[in-house]
Amino acid sequence: MDEVEPRRRQEPVDAPNPAAESWSDTVVIVRVYNEAPVVGAVISELVGAGLSVIAVDDASTDSSAEEIDKAGAFRVSHPVNLGAGGALQTGFQAALRFTDAQYIGCFDADGQHQLADLLGMIRLIRQGYDVVMGSRFLDSKTQMSPLRRTILRLATKVMNRGEGTKLTDAHNGLRLVARHVVARISLSHAGMAYASELEHQLTRPEYKVVEHPVHILYTEYSRSKGQPLLNSVNILADTLTHRLTHGKRR
Amino acid sequence: MIIKWLLVPAIIFAVYLSLRARSSLRGQARRKILAVLTVVAGVFAVIFPDSLQVMAEWVGVTRGTDLLLYALALVIIYLVGSTSVRFREQESRLVQLAREVALAEAEVRFRTQQN
């Protein structure tokens with residue numbers, strides 16, 4: 001189950017010519033749901049940097065699928081909308097089935113994540129980590145409203161208490177995970193409440209987990225698409241009922 | 001008041017039962033027995049309208065209709081819980097099915113791309 005391929009030798013982190021760095025050991029999963037105006041540019045940037053991309057089209061009703069194909073990503077299309085957690089699980093399974101990448105990353109389609117952050121996380125995971133999580137709170141580059149910051153910090157506190165881990169940012173979509181960890185992921189939440197479940201499965205005690213500072217761009221577009229803060233009530237309720245009905249998670 | 005000692009455990013039991021209502025054979029059988037009992041009780045209450053009142057006074061409720069109301073509330077609690085659990089189960093099956101369809105379709109394109 002835990003067969004780890006021998007780690008490929010990579011260029012030193014401060015190679016004289018970083019442009020020549022190869023990212024072929026990583027595949028990036030992008031979940032796309034009605035993001036036609038921006039998804040093309042986001043995927044093109046990733047592909048242009050030499051990363052292979054699997055885009056999970058979560059039954060978009062706009063022209064997202066064509067944009068994905070044009071941008072050069074491998075597309076997996078859900079026949080019906082399954083939600084963020086469902087799309088992520090599909091992406092993980094597609095990555096295991098269609099690629100032999102050692103590292104599998106998650107990247108948002110709306111342009112709020114930065115390519116440079118992801119590349120930094122790849123350099124970090126190559127040093128022998130199992131999971132690299134992006135965190136908005138390791139430095140103060142990310143601009144957000146005080147209310148949003150407070151709620152996210154509170155959510156992180158609640159989650160940390162439940163999961164026995166110490167992370168600074170619980171709901172960050174930018175993650176990089178080693179293949180053997182992905183092979184054990186099984187998300188039963190289809191909607192947005194998958195985050196705490198995923199966190200739980202990524203932070204098993206035997207994994208080496210590290211955080212990497214990331215910079216989130218809250219553009220006008222991502223703000224209009226992002227989750228309203230009230231949605232945290234949904235997430236909390238889903239998480240609690242799930243624990244009630246399924247008992248203590250293994 | 002016997003009714004208090006009946007209602008509180010009944011509510012807890014209804015919630016407990018409904019949340020772990022898997023579509024098992026035993027659960028199905030239980031539901032069928034419950035349905036038959038409901039019909040029998042309904043017919044009985046129609047033929048002997050006073051019986052409800054007698055039963056109500058017996059457990060310490062003023063009116064027979066109130067007893068009926070309590071029973072109805074319990075049934076609704078059970079129904080809401082078990083329906084949501086079954087809905088969830090159904091949903092998780094749908095997710096797996098849709099994922100398999102998506103991956104199978106992608107696999108076809110993957111193979112043709114390689115050739």
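In this text, all values refer to a predicted model and were calculated from it rather than measured experimentally. FYI, side chains are in, hydrogens and waters are out, and symmetry mates aren't considered; it's all heavy atoms of this structure.
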Between A:Arg75 and chain B, which part of the residue has a heavy atom less than 4.5 Å away: side chain, backbone, both or neither? both
Student check: side-chain heavy atoms of A:Val30 and A:Leu46 closer than 4.5 Å: yes
What part of B:Glu107 lies closer than 4.5 angstrom to a heavy atom of chain A: side chain, backbone, both or neither? both
A:Arg175: which of A:Leu88, A:Leu118, A:Val131 passes side chain to side chain contact (heavy atoms under 4.5 Å, CB included): A:Leu88
What residue in B:Leu97, B:Val101, B:Leu103 has the most heavy-atom pairs under 4.5 Å with chain A? B:Leu103
Please classify the contact of A:Phe98 with chain B as side chain, backbone, both or neither, using a heavy-atom distance under 4.5 Å. both
Quick one: is the NZ or CZ of B:Arg109 closer than 6.0 Å to the six-membered ring centre of A:Phe74, and within 45° of its axis? yes
Student check: side-chain heavy atoms of A:Leu202 and A:Ile185 closer than 4.5 Å: yes
